Amino acid sequence: MQSISRKKIFFPLNPAFRNYLKLYEREVDLPLSYEELKYYDYGIPVYDKQGKDTLWESVMYPQSMVGPIQAGLKRIYSIMKAGGDQTAEEHLHIERIDYCTFGNSHPFRIKIVNNYNEVYDYFYIKIADASRIYGLELEHILSPYWMTFLVDGNTLVEEHIAGVPGDQFAKDYLDRPEFNPKRIAKEFVKFNERCFVRLLGDMRSYNFIFDITPDFDDVQFRIRAIDFDQQFYEGKKTLYMPQFFKENRVFVELAMKHLNAEVVKQYQQEERSLIARRIKVQRHRIKDLRDVIMTDRVSFPGKIKQLGEELAQHYHDAVFARCTTMGEIIERSLKRLLVGSLR
């Protein structure tokens with residue numbers, strides 16, 4: 001059984017990281033902070049369609065705060081989605097503000113609705129933790145998906161990533177006759193490889209989603225991470241490999257049933273090749289991020305030493321064991337991938 005640290009330490013953003021975020025237009029002035037949203041009067045539990053407690057609660061604010069908070073949230077949405085254009089704000093309204101009582105980040109989830117057509121969207125406001133923001137930025141650079149997020153001081157704003165949560169997919173979607181299990185297995189193998197290469201941990205089924213897209217002759221699947229708290233923080237190698245979590249056993253069994261070892265190796269190499277191409281395209285941004293990570297403190301010496309030694313054994317590469325920061329470890333992991341792509 002995997003052992004995740006019960007309470008992950010939040011790491012502040014150092015000045016070098018803030019300069020990086022400003023350079024790439026991630027850090028901007030926001031009209032509302034995470035701390036301000038905490039001054040609600042009371043909360044009402046949010047239940048799902050089956051009547052199960054979601055561990056979110058819908059929060060209510062004093063009447064004097066409602067107007068400024070709603071105006072601030074609409075402005076944040078405009079900055080995130082429309083580059084600050086305020087034209088649409090007059091026909092948007094905040095329908096609900098939810099607060100999550102579970103997990104490390106204790107986020108606020110904002111439901112915003114267009115009054116003209118009742119189309120709604122969500123976004124999240126969280127504490128700005130360096131590990132999470134490194135995870136978001138690496139996802140943006142190394143994965144197939146662009147990430148939208150903003151930082152201001154101690155406040156992090158994230159877009160909503162739409163899809164079916166992995167645990168719900170396993171329960172309600174996996175056995176649908178119109179879904180090709182080989183395609184699902186393939187995507188899990190590629191997702192597993194992507195997480196391991198960039199050291200994104202704790203990818204249990206409720207921390208990733210399935211993006212389901214009907215195609216002209218089949219249904220396509222993409223797996224996306226939605227929680228980035230455990231970006232190169234833990235010391236155990238297998239915590240960065242989704243295949244070892246009991247919550248993901250159903251997907252591992254699917255891969256074992258439908259894919260042989262040669263095919264698995266092929267998919268792993270395909271994913272590594274794609275990541276290498278993205279690194280080359282974004283080489284200047286990667287270098288700037290690398291310079292920040294190399295000296296940043298986003299874990300503890302014992303965890304860094306353990307991960308370095310386990311990766312040295314895994315790759316038969318002694319360089320990992322000599323790494324003294326998580327930045328050095330991730331640099332070595334990506335460098336190995338680049339060298340492999342040149343063979």
Side-chain angles (χ1 to χ4, degrees), residues 4-5 8-14 16-17 19-21 24 26 129-145 147 149 190-203 207 225 227-242 268 271-342:
I4 297 283
S5 297
K8 179 190 169 294
I9 302 298
F10 276 54
F11 292 97
L13 281 67
N14 68 24
F17 195 15
N19 288 336
Y20 170 91
L21 294 170
Y24 290 98
R26 297 294 200 187
D129 169 49
S131 297
R132 170 177 283 274
I133 298 172
Y134 279 128
L136 287 164
E137 189 66 8
L138 285 169
E139 180 78 359
H140 181 79
I141 298 170
L142 301 179
S143 84
Y145 314 107
M147 303 297 294
F149 66 92
K190 292 170 76 71
F191 177 68
N192 190 84
E193 193 68 13
R194 191 158 67 243
C195 291
F196 185 53
V197 166
R198 48 79 61 89
L199 298 178
L200 177 61
D202 195 19
M203 280 297 107
N207 285 332
D227 191 323
F228 301 90
D229 279 344
Q230 296 283 345
Q231 176 63 52
F232 47 55
Y233 172 73
E234 295 287 358
K236 192 174 182 181
K237 174 192 72 175
T238 53
L239 294 175
Y240 300 101
M241 305 169 83
Q268 289 172 329
E271 191 61 32
R272 285 176 169 265
S273 177
L274 288 172
I275 295 172
R277 290 178 188 175
R278 294 181 194 115
I279 293 172
K280 292 171 187 175
V281 170
Q282 297 268 27
R283 60 188 180 278
H284 298 299
R285 187 166 185 157
I286 279 282
K287 180 186 179 299
D288 290 342
L289 187 61
R290 166 220 175 256
D291 291 343
V292 174
I293 297 176
M294 287 294 280
T295 57
D296 205 353
R297 177 182 177 271
V298 287
S299 189
F300 296 96
K303 293 179 183 290
I304 295 167
K305 184 175 186 296
Q306 179 186 2
L307 184 60
E309 290 175 350
E310 291 192 14
L311 290 178
Q313 185 176 9
H314 176 87
Y315 287 116
H316 305 289
D317 183 347
V319 173
F320 281 104
R322 296 196 293 271
C323 293
T324 58
T325 67
M326 283 297 188
E328 292 177 4
I329 291 177
I330 189 67
E331 182 194 38
R332 185 60 184 172
S333 179
L334 297 181
K335 187 173 288 186
R336 283 184 56 86
L337 185 145
L338 276 174
V339 171
S341 72
L342 298 174

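Given the structure is predicted, the values throughout are model-derived calculations rather than measurements.
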| task | Run the numbers on Arg26 and Phe17 for side chain to side chain contact (heavy atoms under 4.5 Å, CB included), then give the verdict. | result | CA-CA 11 Å; Arg26 297 294 200 187; Phe17 195 15; over 6 Å; no
| task | Determine, for Lys236 against Glu310, whether the closest basic-nitrogen to carboxylate-oxygen distance falls under 4.0 angstrom. | result | no
| message | Please report whether the ring centroid of Phe196 lies less than 6.0 Å from that of His314. | response | yes
| said: Determine whether Ile293 and Tyr134 satisfy the following criterion, side chain to side chain contact (heavy atoms under 4.5 Å, CB included), listing intermediate values before the conclusion. | reply: CA-CA 8 Å; Ile293 297 176; Tyr134 279 128; 3.2 Å; yes
| query | Atom CZ in Arg285, atom CZ in Arg278: separation rounded to 0.5 Å? | reply | 14.5 Å
| Backbone of Ala16 reached by a side-chain donor or acceptor of Asn14 within 3.5 Å | yes
| Phe11 side, atom CZ; Arg297 side, atom CZ - distance, nearest 0.5 Å | 5.0 Å
| query | How far does CG of Leu289 sit from CG of Leu138, to the nearest 0.5 angstrom? | reply | 5.5 Å
| query | Counting N and O atoms only, with roles assigned by atom type, does the side chain of Gln231 sit under 3.5 Å from a partner on the main chain of Leu199, one being a donor and the other an acceptor? | reply | yes
| Are the charged groups of Arg322 and Glu328 less than 4.0 angstrom apart, N to O? | no
| message | For a quick check under 3.5 Å, do Tyr233 and Asp202 share a side-chain donor-acceptor pair by atom type? | response | no
| Side-chain donor-acceptor pair under 3.5 Å between Asp291 and Tyr20, yes or no? | no
| message | Please tell me whether Glu309 and Gln313 have a donor and an acceptor in their side chains that are separated by less than 3.5 angstrom. | response | no
| request: Over all heavy atoms of both residues, which pair between Met326 and Glu234 is shortest? Give the atoms and the distance, please. | output: CE-O, 3.5 Å
| request: Find the distance between CD (Gln268) and OG (Ser273) and round it off to the nearest 0.5 Å. | output: 13.5 Å
| message | When you measure from the side chain of Glu331 to the backbone of Gly327, do you find a donor-acceptor pair of N or O atoms at a distance under 3.5 Å? | response | no
| query | Do side-chain atoms of Arg290 reach the backbone of Lys287 as a donor and acceptor pair under 3.5 angstrom? | reply | no
| task | Kindly write out the residues that satisfy side chain to side chain donor-acceptor pair (under 3.5 Å) with Thr295, not counting sequence neighbours, or none if the list is empty. | result | none
| Could you give the distance from CD (Gln230) to OG (Ser131), rounded to the nearest 0.5 Å? | 8.0 Å
| remark: Distance col, row Ile304:CD1 vs Thr325:OG1, nearest 0.5 angstrom, shows 6.5 Å
